[in-house]
Structures are given as structure tokens and as C-alpha cells.
Amino acid sequence: MNARDTALDPGFGERWTRAMITAFVAEADRLGELDRLAGDGDFGRNLTSAFGRVSQEVAAADPTTYAAWLTCVSRGFLGTGGTSGPLFGMFFRELARCADGDEPTVAELGQGLAAGLATVQRYGKAEVGHKTMVDALAPAVDALTSSGGSLRDAAEAADEGARSTAEIIARRGRASYVGEASRGVLDPGAVAMAMVLALAADAAG
Ligand code: ADP
Ligand code: MG
């Protein structure tokens, strides 16, 4: 059997979720600052409140499967404002749906990320190059699905995509209202998406 068809080890969903809670609570101010420089400044607050809700969902649901853990993350974001709240919420909802067993295989996770990208683009209408989370997610999906890469390859592609957002001006979201002022500033949603992928690669070991 291909390694991509073997489920990630038990506890992947829990490790990933807990790592996201810790990392985003720690990084919310830094990411919020990027949104202050090229946007309306609410991203850090949106992240803090989303992950506060994720922790409440975890406490209430006591999840035991990957789908249940990722559903807690999705619900946390869906209850949050900004453009990023609903978009990340729908993205994580697609991920929650991808696993057949208790934990997904790498191939299933790739399908979940592709479905998440499709949903984000259906609602947000952003293409690669519009300086959004899509600039990190689309190359990660390519690395994991079309090129059959590893989760670490996907995380590296997302990181490169996020770094590329510094050179362009925003075409979507509140940052698009500031035009040229967004040039030179990383897109916070793309940086956040790259973190999500890096933490997945770490959690997969
Ligand atoms: P808002 O732009 O409404 O203030 P947030 O500050 O919560 O939303 O989130 C900003 C992030 O959301 C941006 O950095 C960008 O990555 C992402 N984003 C905004 N609009 C879109 C969109 N239409 N499609 C995809 N991502 C978007
Ligand atoms: Mg904002």
C-alpha cells in the first residue's frame, strides 16, 4: 500500500488542533499588526476570538476523532466576524469531512484541502495573486495533490506563497481598500494559512 493511503497516526487531529490553539493565541498580535498596516486591523482580534471559541467547543464536545476535532475548529471560526472567520470556518468544515476513518490518510487530507480551497474561492472569489489566504493554500494543494508531495512539501509551498504576498497589492478583502499601501506587507491570512499547514506537517511527525 502507498504511504499516502495509510492513515496518519491516532491523535493527529488532536495534536494539530491543540498546536493551532497555542500558536494562534501566541501570534494573534503579530498577525493583527499586519492587518493594521494593510487592512482594517481586526484580524488579530478575530483570531483570538475564533480560538477562544475553539477551546470552548473542545471542552463541550470532548472530541475523539479527527472529524470531531476539526469540527470544533470550524465552529470556532464560523462564530467569528471579519471575512476570515467564515472563510476559515468553511475551510475547516471541508477538512472535517475528508476523513473516512478516525484519522485521514495524506491523500484524504489532500482532497480535504482541495475541497477547502474550492469553497474559499467559491465564496471569496479570490484567485492566486490577489493577496489572500488563497496565495498560500493553492500552492499547498498543488504540492499535495498534483505533485503527490508530502505534508512538509505542502507546508513549504504554502510558506513560499505567503511570502510572495509582500510584493503585491491586495485585490480582495479590506486590504484592497488601501491599494498601494498594502505593498511591502505580508498578507496576514496567507501567513495564517501557511502556519496551519506547517502545524499539520509538525503534528504528522
Ligand atoms: P477583513 O478583510 O474583512 O477585515 P479579516 O481581517 O478577518 O477580514 O481577514 C483578513 C484576511 O482574510 C486577509 O489577510 C485575507 O487573507 C483573507 N481574505 C479577505 N478577503 C478574502 C477573499 N475574498 N478571499 C479569500 N481570502 C480573503
Ligand atoms: Mg481585517
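Just follow the structure's listing: the first ligand is 1, and inside any ligand the first atom is 1.
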In the protein, N/O/S atoms that are found under 2.8 Å from the Mg ion (ligand 2), waters not counted: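 Listed by chain and number: D35 OD2, D40 OD1, D42 OD1.
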
Test of understanding: clusters of I, L, V, M, F, W, Y form through side-chain heavy atoms closer than 4.5 Å, transitively. Do [X] and [Y] belong to the same one?
X    : Y    : result
I168 : L37  : no
F43  : Y123 : yes
V25  : M193 : yes

Within residues 83-112 or reaching into it, pairs that qualify as ring-ring contact (aromatic ring centres under 6.0 Å, His included) - sequence neighbours excluded: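 Every ring-ring contact (aromatic ring centres under 6.0 Å, His included) pair that includes a residue of residues 83-112, provided the two are not neighbours, is F77-F88, F77-F92.
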
Shortest non-hydrogen separation from L109 to P104 and the atoms involved: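 Taking every non-hydrogen atom into account, N-CB, 4.3 Å.
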
Exercise: identify the closest heavy-atom pair between M195 and R30: SD-NH2, 4.2 Å

Which residues share a ring pair (Phe, Tyr, Trp, His ring centres under 6.0 Å) with W16, sequence neighbours left out: F12

Contact residues of ligand 1, where a non-hydrogen atom lies under 4.0 Å away: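 Answer by chain and number: D35, D40, D42, F43, N46, G82, T83, S84, L87, G124, A126, T132, M133, R172, G173, R174, D187, P188, G189, A190.
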
Heavy-atom neighbours of R15 CZ exceed 12 at 6.0 Å: yes

side-chain hydrogen bond (donor to acceptor under 3.5 Å, both in side chains) evaluation trace for T80 with R53: CA-CA 9 Å; T80 304; R53 282 199 184 79; 3.2 Å; yes

